[in-house]
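What follows is one structure encoded as structure tokens, with my remarks underneath.
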Amino acid sequence: GIPVMMAFRQFLPSIPEEAIAAGRIDFWEMCRPMISDPELPAKVREGRENEIIPCIACNLCFSRLYYHQPIMCSVRPSLGHEGDADFGYYGFQAANRQKKIVVVGGGPAGLQCAAVAAQRGHSVILYEQGSELGGNILLASRVDKGAIELLRPIRTLEAVCTNSGVDIRMGVAFSDKMFDHDNPDALIIASGGRVRATPFRNILTPAEIISGAKPVGKRVLIIGRRGAGLGVAVFLLNHGEHEITIIEEGTKIGRDVNPFYLWQYVALMKKSKATMLAQTRVTHVADNAALLSGISGDIEIPVDTAIMSLFDPAVQWTAGPKDGQDVYYIGDARRPRRLNNAIHDAFKLGMVI
Amino acid sequence: MIPFINKEQCSGCGKCEEVCPPGALYLQDNIIAIEEDLCEECGFCAAQCAFEAITIPFPCLKSSG
């Protein structure tokens, strides 16, 4: 017959190898997986599959091309810079002076920074206060069924960190006393953002919703229409019947969401008859209602559960640093943005620290 | 060559924020602001702005007064 080659989300070897062995396809075709890791075939051949930097189909690469701008990859900052030795595509050069570095936070930013710093010869301790690595990716991975693949780059970063000698300490919340005890040359805060405070009681956070820690009523108000808010909405609609009102003070829904995916979320909102309001803020939250204020005036809506999905940067670490000690902030701790910003902040700091 | 922002021209559309590779630009009260430490001086923000609210102060322009 005619030889068949196929791509389409075959990002790791197991599925295509099984399909080839069963004669369903003849070739495993790869575009995006080779953008996130051109070494993929070599790593499979050498039995280093756990080191493959996996494509997560975020389509940042595509959307950069639609802006007529140089391509970028969320999970591989060295894309396009393979010829620049500082980016370490062919291996990092050792840093001039070995430093003791403490990284706070085992999410994507913390792991990526620790990995690069350790590969450059630094002595790195990474503290994660929870029992699992991944930070907010742990939440994102539960938004819908396919999202579980978002944990793959976390596994790869964990493998690279372990192979590079990063001392990962789980279940440990970093403190001033530990800072004094460890006495690092540099402290890197990668602990994520903080959910924005409000003057109202009983406002839940995305973590409380997605972890199932708190019950959610039928009528839901979500404050914030960025990726986090839309993620909470999609999660809720996947797990029950809800009447959702989602609001923001800005104008454009999903400003930080890739247009490739945004239309799907908006379509799901419309199908479930969600109310999406721009230029609107909440002025009061009572037990089963909320007062909203928008450009056409004030309205009161019935609300069982209100959720804040906007984030602010981390609290500044002021207690620790003495002379000669540097403190850096990366990822959402610096300013809440997207996964590609966390990974890129982290990689680029690791390159120069 | 950190971008110069003309606040009066800025429409708050946020296109520049979307294209900024390191995420250095952010809307604050519907006007764009920049986190200079993150800026990689790539100029994509200025290229994207339909309102000429962001310009790159290249040295040759500076010297023309």
Side-chain angles (χ1 to χ4, degrees), chain A residues 60-61 63-74 77 79-81 109 193 225-227 248-260 262 278-279 281 295 310-313 326-332 334-349 351-352, chain B:
Chain A
L60 176 66
C61 49
S63 63
R64 295 292 298 171
L65 299 178
Y66 284 176
Y67 282 123
H68 300 293
Q69 283 166 9
I71 197 171
M72 284 171 62
C73 174
S74 285
L79 173 65
H81 303 285
R225 303 195 307 171
R226 294 189 167 230
E248 71 169 293
E249 295 193 37
T251 50
K252 187 178 160 196
I253 193 169
R255 173 178 292 291
D256 61 342
V257 178
N258 191 320
F260 263 89
L262 179 60
Q279 295 177 286
R281 58 192 175 87
I295 37 179
L310 297 172
F311 287 80
D312 288 321
D326 297 314
V327 184
Y328 303 88
Y329 296 81
I330 54 175
D332 280 6
R334 183 193 184 108
R335 182 160 46 82
R337 286 157 292 150
R338 304 190 54 206
L339 173 64
N340 71 287
N341 299 113
I343 302 263
H344 284 237
D345 279 5
F347 195 100
K348 287 168 181 172
L349 178 60
M351 281 166 61
V352 300
Chain B
M1 286 176 351
I2 304 291
F4 172 75
I5 295 167
N6 183 333
K7 296 189 182 183
E8 270 116 61
Q9 295 283 103
C10 177
S11 74
C13 73
K15 274 266 172 283
C16 55
E17 181 184 10
E18 287 168 37
V19 308
C20 176
L25 290 165
Y26 58 101
L27 280 173
Q28 199 173 55
D29 300 325
N30 218 41
I31 303 282
I32 204 69
I34 186 165
E35 198 181 329
E36 293 191 0
D37 285 343
L38 282 176
C39 175
E40 291 175 356
E41 302 181 20
C42 68
F44 294 142
C45 50
Q48 200 70 34
C49 182
F51 301 90
E52 295 177 8
I54 299 192
T55 49
I56 310 293
F58 291 108
C60 60
L61 290 175
K62 262 196 258 171
S63 67
S64 70

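Since the model is a prediction, treat every value here as computed from it, not as a measurement. In the text below, chain A, chain B and the rest are named by the order of the sequence lines, each starting its count at 1.
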Decide yes or no on side chain to side chain contact (heavy atoms under 4.5 Å, CB included) for R226(A) and V257(A), but give the supporting numbers first.
CA-CA 7 Å; R226(A) 294 189 167 230; V257(A) 178; 5.9 Å; no

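Using a cut-off of 4.0 Å between Lys/Arg side-chain N and Asp/Glu carboxylate O, E35(B) and R337(A) are scored as not salt-bridged. Using a 4.0 Å cut-off between charged side-chain N and carboxylate O, E17(B) and R335(A) make no salt bridge.
When the candidates H68(A), R255(A), M72(A) are compared by the number of heavy-atom contacts under 4.5 Å with chain B, R255(A) comes out ahead.
To the nearest 0.5 Å, atom CG of residue L60(A) and atom CG of residue L339(A) are 9.5 Å apart.
The part of N341(A) that comes within reach of chain B is its side chain, from C-beta onward, which places non-hydrogen atoms under 4.5 angstrom from that chain. Only the side chain of R334(A) comes within less than 4.5 Å of a heavy atom of chain B; its backbone N, CA, C and O stay farther away.
Residues passing the ring-ring contact (aromatic ring centres under 6.0 Å, His included) test with F347(A), sequence neighbours excluded: F92(A).
Counting only residues at least two apart or on different chains, the salt bridge (Lys or Arg N to Asp or Glu O under 4.0 Å) pairs with a member in residues 39-53 of chain B are K348(A)-E40(B).
Residues of residues 2-14 of chain B lying under 4.5 angstrom from chain A, judged on non-hydrogen atoms, are G12(B), C13(B), G14(B) in numerical order.
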Side-chain donor-acceptor pairs of residues 21-32 of chain B under 3.5 Å, sequence neighbours excluded:
none

